[in-house]
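Working notes for the structure below.
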Amino acid sequence: ANVGLIFGSTTGNTEKAAKLIQAELKDLISKYADIKDVTADDLAACDHLILGLSTWDEGQLQEDWNDFFPDFSGVDFSGKKVALFGLGDQESYSEYFVSAMGTVYKAVVKAGGTVIGQWPTDGYTFDHSDAVVDGKFVGLALDEDNQPELHASRVKEWCAQIRPELS
């Protein structure tokens, strides 16, 4: 399968997480790119996608994702499996923790995609997240500010979970 790993990163934290994921799934990844460098056609050309972004302020998309979102919303995701990973701050932004991941999730589902890689909320402390559906995160939630020491193990476990569905 042709799997694209696409991320948006303002401070470098989401890119760092994307590199960890790329290292785990390198044999599957055929396109690795920043969202600011891709087009809707690039996404459409991938069989499956791994999409990464951070949540800003009160649940907003990262700036490059925000700029691209009108084009993103026009992509047909029918037949595609899409795994999501999101970064947020569960302490300072407890009411919006990784909520932008929920925004992307809704757009993918609306456009016919199948979202894989749901992740348990255990081990996180937050008040609300638009990225929680049926009691789980819609993708891997990472917190660089408060739990950076858990990134490697969480990424490893999540990648092992999604690998069979992307192969």
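As a basis for the values below, the full set of heavy atoms in this structure was taken, side chains included, without hydrogen atoms, waters or symmetry mates.
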Apply salt bridge (charged side-chain N to carboxylate O under 4.0 Å, His left out) to Arg163 and Glu24, showing your working.
CA-CA 9 Å; Arg163 173 180 280 285; Glu24 287 293 322; over 6 Å; no
Centroid-centroid under 6.0 Å between [X] and [Y] rings:
X	Y	value
Phe7	Tyr32	yes
Phe137	Phe85	no
Trp56	Tyr96	no

Just checking, any donor-acceptor pair under 3.5 angstrom between side chains of [X] and [Y]?
X	Y	result
Ser78	Asp76	yes
Gln90	Asn146	no
Gln118	Gln161	no

Out of curiosity, does [Y] fall in the hydrophobic cluster containing [X] (side-chain heavy atoms, cut-off under 4.5 Å, transitive links)?
X	Y	value
Tyr93	Leu142	no
Leu87	Val132	yes
Val155	Ile50	yes

Donor-acceptor check, side chain of [X] to backbone of [Y], threshold 3.5 angstrom: yes or no?
X	Y	result
Asp130	Ser99	no
Glu91	Phe126	no
Ser153	Leu150	yes

Once rounded to the nearest 0.5 Å, what's the spacing between atom [atom1] of [X] and atom [atom2] of [Y]?
X	Y	atom1	atom2	value
Lys26	Leu5	NZ	CG	13.0 Å
Asn2	Asp47	CG	CG	5.0 Å
Lys81	Cys46	NZ	SG	15.5 Å
Ser9	Lys19	OG	NZ	9.0 Å
His151	Leu140	NE2	CG	8.5 Å
Ser92	Asp143	OG	CG	8.5 Å

To check you understand the geometry: which heavy-atom pair defines the closest contact between [X] and [Y], and what is its length?
X	Y	answer
Ser129	Val98	OG-CG2, 3.7 Å
Ala40	Val75	CB-CG2, 3.7 Å
Ser54	Ala100	O-CB, 3.8 Å
Trp158	Gly117	NE1-O, 2.8 Å
Gly8	Asp34	CA-OD1, 4.1 Å
Leu28	Ser167	CD2-OG, 3.9 Å

Determine whether Tyr105 and Val82 satisfy the following criterion, side chain to side chain contact (heavy atoms under 4.5 Å, CB included), listing intermediate values before the conclusion.
CA-CA 9 Å; Tyr105 166 82; Val82 180; over 6 Å; no
Are the side chains of Leu61 and Leu53 in contact, using a 4.5 Å heavy-atom criterion?
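Leu53 vs Leu61: side chains touch.
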Would Glu144 and Lys16 satisfy side chain to side chain contact (heavy atoms under 4.5 Å, CB included), going step by step from the backbone distance to the final call?
CA-CA 10 Å; Glu144 178 70 28; Lys16 246 189 336 194; 3.3 Å; yes
Please assess Leu49 against Leu43 for the test side chain to side chain contact (heavy atoms under 4.5 Å, CB included), listing each intermediate value before the final yes or no.
CA-CA 8 Å; Leu49 292 159; Leu43 296 182; 3.9 Å; yes
Could you go through the side chain to side chain contact (heavy atoms under 4.5 Å, CB included) check for Lys110 and Phe77 one step at a time?
CA-CA 9 Å; Lys110 184 177 178 186; Phe77 287 100; over 6 Å; no
In chain order, what residues pass the side-chain hydrogen bond (donor to acceptor under 3.5 Å, both in side chains) check against Thr10, with sequence neighbours excluded?
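Once residues adjacent in sequence are excluded, the partners of Thr10 under the side-chain hydrogen bond (donor to acceptor under 3.5 Å, both in side chains) criterion are Gln62, Glu63.
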Which residue in the set Thr14, Ile6, Leu51 passes side chain to side chain contact (heavy atoms under 4.5 Å, CB included) when paired with Ile35?
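That would be Ile6; it is the only one of Thr14, Ile6, Leu51 passing the side chain to side chain contact (heavy atoms under 4.5 Å, CB included) with Ile35.
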Could you label the plane-to-plane angle of the Phe97 and Tyr124 rings as parallel, tilted or perpendicular, counting under 30° as parallel and over 60° as perpendicular?
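Because their plane-to-plane angle lies in the 30° to 60° range, the rings of Phe97 and Tyr124 count as tilted.
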Is the shortest distance from a Lys or Arg side-chain nitrogen in Lys31 or Asp37 to a carboxylate oxygen in the other one below 4.0 Å?
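A salt bridge is absent here (no side-chain N lies under 4.0 Å from a carboxylate O).
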